[in-house]
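Here's the structure, in C-alpha cells; my notes come after.
Chain letters run A, B, ... following the sequence lines, proteins first and then strands; every chain starts at 1.
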2 protein chains.
Amino acid sequence: MLSQAEENYLKCIFTLSEKTEKLVNTNSIARALDTSAASVTDMLKRLSKREYIEYRPYKGVKLSEQGDVIARKLIRKHRLWEFFLCEKLGFSWDEVHDIAEQLEHIQSDDLVERLADFLDHPKFDPHGDPIPDKEGRFSVRKQIALVDLPVGKKGIIIGVREHSNDFLKYLNQHRLTIGVTIKVLEYFEYDQSLKIRLGSGTETVISQKVANNIFVKN
Amino acid sequence: MLSQAEENYLKCIFTLSEKTEKLVNTNSIARALDTSAASVTDMLKRLSKREYIEYRPYKGVKLSEQGDVIARKLIRKHRLWEFFLCEKLGFSWDEVHDIAEQLEHIQSDDLVERLADFLDHPKFDPHGDPIPDKEGRFSVRKQIALVDLPVGKKGIIIGVREHSNDFLKYLNQHRLTIGVTIKVLEYFEYDQSLKIRLGSGTETVISQKVANNIFVKN
DNA sequence: AAATATTTTTAAGCTTGTCTAAAAATATTG
DNA sequence: CAATATTTTTAGACAAGCTTAAAAATATTT
C-alpha cells in the first residue's frame, strides 16, 4: 500500500512526463509538489526500490508499468470525484480541485466503479479533461485552442489548458464555461486580443493569453 | 489542523465516553484503536497540550469543548458518507464502514453541508445510528431491543447495537434489515431464543444474542 | 497494611516525510 | 577546455506516530 505522499509523487511524475515525453527531473517535481529537491531525491530512491519508478541518479525518472497503472487510477479517481462534486453537489469548477485532491486517495476499487456507474461513466471532467476508463485509457477528441479559431468561425468550449484558480475564476466571471458557444468577431493585431460573441449574445474582448488557454471544438 | 490519527483519537474518546460517562482510560483507547498503551499516552499528551482534551495522568481523559465539537463533526461526516454509499451507490450496510472511515477525514465544511443537502438531511444512517446535525445535536427516538418486545407484538427494525462485520452480515443473510417488520411468535425459555415472523412471511428462530442487538420501534 | 497484580507512563528506537547546508555531478559559457 | 553555474545528491536533523521493555503509579488481594 502506498501512502498519500507516495501517490502524489507518482501522479506528479505522470503529469510531468505527459508533457515532456522525456525523463522527469528532480527539480521539476520539487517545483510541482512545492517541496525541496532533497526530499524528492529521497522519495525517488524509496519509490525506485519498490519498483514504482525507474530512477537514474542525476538523469531523471519515469514511471514503471506498475507506477503508471497507479497514476492513471489516481487521475481517474480525481476526475470522477470532480465530476461528482460539480454535477451532483453543485460546486463550480474552480472549487473542486482541492477536495478532489483529497478524495483521490480514498482506497476502494469497488467505490470507484460504483461511483463511475452512478455518474454514468463520464468521459470528461468539469474542466474538459479526459477521465481514464477502468483500464486507464484516455478518450481523445479533436480540439483546438480558441486562439487558433479563425475570425468569423464558431466553436464550443470543451476544455481548458490552464487549471489555476485565478484562470478558472476569470472564466467563471466572464461566463466562459464548458458548453458555451463562441464566435470570433475580430482579431486585433496590435496585442493579439480577440473580440468574441457568446451564445448568450454577450460580446467581450479577451487577451491572447486567455484565448490560448481555452480549448474549443468546431 | 488535525492529522487523521489525531482525529481518530478524538472520535474514539467521544464514543468511549458516551458509554461510560466517566473519564476514558488509556487502555480502552489502545484496545479500540488497536495500538499500544504507550502510543496512546504519547498522543494524549500532545492533544492535551493543544487543548483538545482534558488529560489527567493515571486518571483518564475527556474531550474539551473544542474536542467535542470536532468529534461530533467527524461522526456527522462518517454517517452522512455511509448514507451516501448505501442510498446512492448501492452498497449494503455491512460494506460501508471502512470506506466511511476514510471519507470522514476529508476536510471541507462546504462539502459536508452540500452532501447533507444532496441527501436531504437524513437523521439516521444505514445502521439506524443518529446523524448529528450541523450544530452537533443528535436525534433521539424511542427504541427498544427486540429481546424486550413481548410475544405477540409487532415491531419495525430501526437500528442495531452491534456494528461488527459478522453481525451485519448475519442480519443481511436473514433479511433482517432496517425497515423490516417483525412479529414475535414464541419465546423459548430454555435458551432464550425467539421465533419471529418477518413482514415477508418468513419465519425464523433467532438467538437471544441477536435479539439483544436489534433495535425496534412499536 | 503488605504483597501482588494491573494500568499507565517513561525511555529508547524505528520509519516516513520533511527540512537546510554542503558536497558532488552535470551543463554552460568564455 | 577550463571556469562558472546549475542541478542533484548526501549528510544530518527534526516531528509525528508507532513499537517494545522497563519503571512508576494505582488497584486488588490476602
Q | Sequence neighbours excluded, every pair satisfying salt bridge (charged side-chain N to carboxylate O under 4.0 Å, His left out) that has a member inside residues 96-110 of chain A | A | A:K11-A:E101, A:K11-A:E104, A:D110-A:R114
Q) Is a donor on one side and an acceptor on the other found under 3.5 Å between the side chain of B:E87 and the backbone of B:F84? A) no
**Q.** Side-chain donor or acceptor of A:S39 paired with backbone N/O of A:T35 under 3.5 Å
**A.** no
Scan the side chains in residues 125-134 of chain A for donor-acceptor partners under 3.5 Å anywhere in the protein, sequence neighbours excluded, and list what turns up.
{"residue": "A:D125", "atom": "OD1", "partner": "A:H127", "partner atom": "N", "Å": "2.7"}
{"residue": "A:D125", "atom": "OD1", "partner": "A:G128", "partner atom": "N", "Å": "3.1"}
{"residue": "A:D125", "atom": "OD1", "partner": "A:D129", "partner atom": "N", "Å": "3.0"}
{"residue": "A:H127", "atom": "ND1", "partner": "A:E82", "partner atom": "OE1", "Å": "3.0"}
{"residue": "A:H127", "atom": "NE2", "partner": "A:W93", "partner atom": "O", "Å": "2.8"}
{"residue": "A:D129", "atom": "OD1", "partner": "A:H163", "partner atom": "NE2", "Å": "3.4"}
{"residue": "A:D129", "atom": "OD2", "partner": "A:H163", "partner atom": "NE2", "Å": "2.5"}
{"residue": "A:D133", "atom": "OD1", "partner": "A:E135", "partner atom": "N", "Å": "2.8"}
{"residue": "A:D133", "atom": "OD1", "partner": "A:G136", "partner atom": "N", "Å": "3.0"}
{"residue": "A:D133", "atom": "OD1", "partner": "A:R137", "partner atom": "N", "Å": "3.0"}
{"residue": "A:D133", "atom": "OD2", "partner": "A:R137", "partner atom": "NE", "Å": "3.1"}
{"residue": "A:D133", "atom": "OD2", "partner": "A:R137", "partner atom": "NH2", "Å": "3.2"}

Q. Judged by modelled atom types alone, do B:E18 and B:T15 share a side-chain donor-acceptor pair under 3.5 Å?
A. no
Q. With sequence neighbours excluded, what pairs up with A:N27 under the side chain to side chain donor-acceptor pair (under 3.5 Å) test?
A. none
Hey, can you pull the donor-acceptor pairs under 3.5 Å for the side chains in residues 187-194 of chain A, sequence neighbours left out?
{"residue": "A:D191", "atom": "OD1", "partner": "A:S193", "partner atom": "N", "Å": "3.1"}
{"residue": "A:D191", "atom": "OD1", "partner": "A:S193", "partner atom": "OG", "Å": "2.7"}

Can you list, in residue-number order, the parts of [range] that come under 4.0 Å of DNA chain C, counting heavy atoms only?
range                     : answer
residues 27-35 of chain A : A:T35
residues 3-15 of chain B  : none
residues 50-63 of chain A : A:Y58

Counting only pairs under 3.5 Å, give me each side-chain donor-acceptor contact of residues 57-65 of chain A, with atom names and distances, residues two or more places apart or in other chains.
{"residue": "A:S64", "atom": "OG", "partner": "A:E51", "partner atom": "O", "Å": "2.8"}
{"residue": "A:S64", "atom": "OG", "partner": "A:Y52", "partner atom": "O", "Å": "3.0"}
{"residue": "A:S64", "atom": "OG", "partner": "A:Q66", "partner atom": "N", "Å": "3.4"}
{"residue": "A:S64", "atom": "OG", "partner": "A:G67", "partner atom": "N", "Å": "3.0"}

(Q) Can you give me the first and the last nucleotide of DNA chain C (5' to 3') that has an atom within less than 4.0 angstrom of a non-hydrogen atom in chain A? (A) C:dG17 to C:dT26
Q: Can you tell me the distance, in whole Å, between the CZ atom of A:R46 and the C1' atom of D:dT9?
A: 14 Å
Q) What integer distance in Å separates B:M1:CE from D:dA16:C1'? A) 13 Å
Q. Looking at OG of A:S108 and CD of B:Q102, how far apart are the two atoms once the value is rounded to the nearest 0.5 Å?
A. 7.5 Å
Q. Roughly how far, to the nearest 0.5 Å, is the CD1 atom of B:I214 from the CG atom of B:L149?
A. 11.0 Å
**Q.** D:dT19 phosphate, OP1 or OP2, under 4.0 Å from B:S36 side-chain N/O
**A.** yes
Q: Searching all strands shown, indicate the nucleotide that pairs with D:dT30 (Watson-Crick or G-U wobble; both distances under 3.5 Å).
A: C:dA1
Q: Would you indicate what A:D42 reaches in the nucleic acid, counting non-hydrogen atoms under 4.0 angstrom: base, sugar-phosphate, or nothing?
A: base
Q) Reckon B:S39 touches a base, only the sugar-phosphate, or nothing at all at heavy-atom distances under 4.0 Å? A) base
Q: Could you pull out all residues at least two apart from A:F91 that satisfy ring pair (Phe, Tyr, Trp, His ring centres under 6.0 Å)?
A: none
Q | Non-neighbouring partners of B:R161 that pass salt bridge (charged side-chain N to carboxylate O under 4.0 Å, His left out), sequence neighbours left out | A | none
**Q.** Under the salt bridge (charged side-chain N to carboxylate O under 4.0 Å, His left out) test, residues paired with B:D94 that sit two or more places apart
**A.** none
